[in-house]
Amino acid sequence: MSTPVLLVIAHGSRDPRHAATVHALVRRVRALRPDVRVETGFLDFNIPSVQGVLESLETEGVRDVVALPLLLTRAFHAKADIPAVLAAAPPRLRVRQADVLGPSPLLLAALERRLYEAGLTPADKSSTGVVLASAGSSDPEAIAVIAEIAREWRHTGWCAVRPAFASASLPRTEDAVRRLRDLGCARVAVAPYVLAPGFLPDRIARGAAGADVLADVLGPAPEVARVLLKRYEAARTPAAVAVGA
């Protein structure tokens, strides 16, 4: 049986940094798995569209596709938008929707990588409070997942970890920074739990003005690429559910 094509589905943004970061991540995935064909489609703002990629693949004679949402939590896009787009795929395509990337221990490792790249060291952990800053969601499941990640990360040795959200939910990044100051943490760091730059990550950065350290977005971190491939492998197994099959 042929290896399914991996279709990475990104949200898209008017900010050109978003697409550039997505493409950088996809290049890393291709380098890790040169035996897998990897394509990229966007839900909005950027091209190619998901539907356009699916139609092109069918025209080429491709039959098996794993569609992977480039998302960190299961919120509206993963539960509604993407399934709707995939349900409209050409009928001769067998499309399987992979799970979202988070949560994963590899993503925690990527968050720490970004903090160390921003200037922290492992020796700083016990005296540093971290704001786990996500884009935010109105989906209670997604908010609960972020809170649980913060609790789990705290147990790895940080002084404290507090979740924050750039939209839809509270607290905001700046409020979480103040709370960590009030707790007495010697320094405060903000770790954006987002994949690519854009409007909401910029809001996180503004909220981090009172912090000592602001890490970069996860972007094409090697750990993110590895999670992406783990989700791909899980989705291509016979037990995975095919959309429209």
Side-chain angles (χ1 to χ4, degrees), residues 10-11 17-18 21-22 24-25 28-29 32 69-75 99-137 142-167 169 171-177 179-180 183 185-198 200-231:
H11 183 274
R17 297 173 298 167
H18 175 89
T21 303
V22 170
L25 174 59
R28 187 178 287 275
V29 171
L32 289 173
L70 201 58
L71 301 168
L72 294 172
T73 58
R74 274 182 48 78
D99 201 357
V100 297
L101 301 182
S104 167
L106 284 169
L107 293 178
L108 285 181
L111 286 166
E112 295 210 358
R113 170 191 290 276
R114 293 302 189 223
L115 286 170
Y116 297 151
E117 289 170 351
L120 293 179
T121 70
D124 296 324
K125 290 183 74 168
S126 63
S127 58
T128 301
V130 179
V131 177
L132 179 67
S134 79
S137 173
I143 297 304
V145 166
I146 298 300
E148 179 57 32
I149 292 170
R151 284 191 291 269
E152 179 182 342
W153 202 15
R154 162 67 181 83
H155 294 312
T156 66
W158 295 100
C159 173
V161 180
R162 293 289 186 273
F165 307 95
S167 68
S169 303
R172 295 287 183 256
T173 302
E174 53 268 33
D175 298 325
V177 168
R179 290 178 187 178
L180 289 173
L183 282 175
C185 297
R187 67 185 62 79
V188 176
V190 174
Y193 190 58
V194 293
L195 288 167
L200 293 178
D202 283 350
R203 181 179 288 176
I204 289 171
R206 290 193 297 272
D212 302 293
V213 174
L214 170 63
D216 200 358
V217 299
L218 294 174
E223 296 87 354
V224 178
R226 287 166 58 198
V227 174
L228 199 152
L229 287 170
K230 285 171 68 73
R231 300 293 183 257

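The first residue of the sequence shown is numbered 1, and numbering continues consecutively from there. As the structure is a computational prediction, the values presented were derived from the model and not from experiment. Reckoned from all heavy atoms, side chains included, excluding hydrogens, waters and symmetry mates.
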Any side-chain to backbone donor/acceptor pair from [X] onto [Y]? Under 3.5 Å, distance only.
X      : Y      : result
Arg187 : Gly129 : no
Arg114 : Leu218 : yes
Arg231 : Val100 : yes
Ser134 : Phe165 : no
Arg154 : Cys159 : yes

Closest approach of [X] to [Y] (non-hydrogen atoms, all atoms of both residues):
X      : Y      : value
Pro103 : Val145 : CD-CG1, 4.2 Å
Ala211 : Val188 : CB-O, 3.6 Å
Leu111 : Pro192 : CD2-O, 3.7 Å
Trp158 : Val161 : CB-CG2, 3.9 Å
Gly119 : Asp124 : O-OD2, 4.4 Å
Ala10  : His18  : CB-NE2, 4.3 Å

Q) Hey, are Glu223 and Arg226 close enough for a salt bridge, meaning a charged N less than 4.0 Å from a carboxylate O? A) no
Q. What residues, two or more places apart in sequence or in another chain, satisfy side-chain contact (heavy atoms from CB on, under 4.5 Å) together with Ala24?
A.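 Ala24 satisfies side-chain contact (heavy atoms from CB on, under 4.5 Å) with Arg27, Pro220 only.
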Could you check if a side-chain atom of [X] sits within less than 4.5 angstrom of a side-chain atom of [Y], using non-hydrogen atoms only?
X      : Y      : result
Ile149 : Leu107 : no
Val217 : Arg17  : no
Thr156 : Glu112 : yes
Arg203 : Thr173 : no
Glu152 : Leu108 : yes

Q | Residue pair Leu228, Leu70: steps toward the side chain to side chain contact (heavy atoms under 4.5 Å, CB included) verdict | A | CA-CA 8 Å; Leu228 199 152; Leu70 201 58; 3.9 Å; yes
Rounded to the nearest 0.5 Å, what separation is found between the [atom1] atom of [X] and the [atom2] atom of [Y]?
X      : Y      : atom1 : atom2 : answer
Lys230 : Asp99  : NZ    : CG    : 12.0 Å
Leu115 : Thr121 : CG    : OG1   : 11.0 Å
Leu200 : Asp202 : CG    : CG    : 9.0 Å
Glu174 : Ile204 : CD    : CD1   : 10.5 Å
Leu72  : Leu195 : CG    : CG    : 4.0 Å
Asp175 : Leu180 : CG    : CG    : 11.0 Å

(Q) Can you confirm whether Lys125 is buried at NZ, in the sense that more than 12 heavy atoms of other residues, nucleotides or ligands lie under 6.0 Å from that atom? (A)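 Atom NZ in Lys125 is crowded, with more than 12 foreign heavy atoms closer than 6.0 Å.
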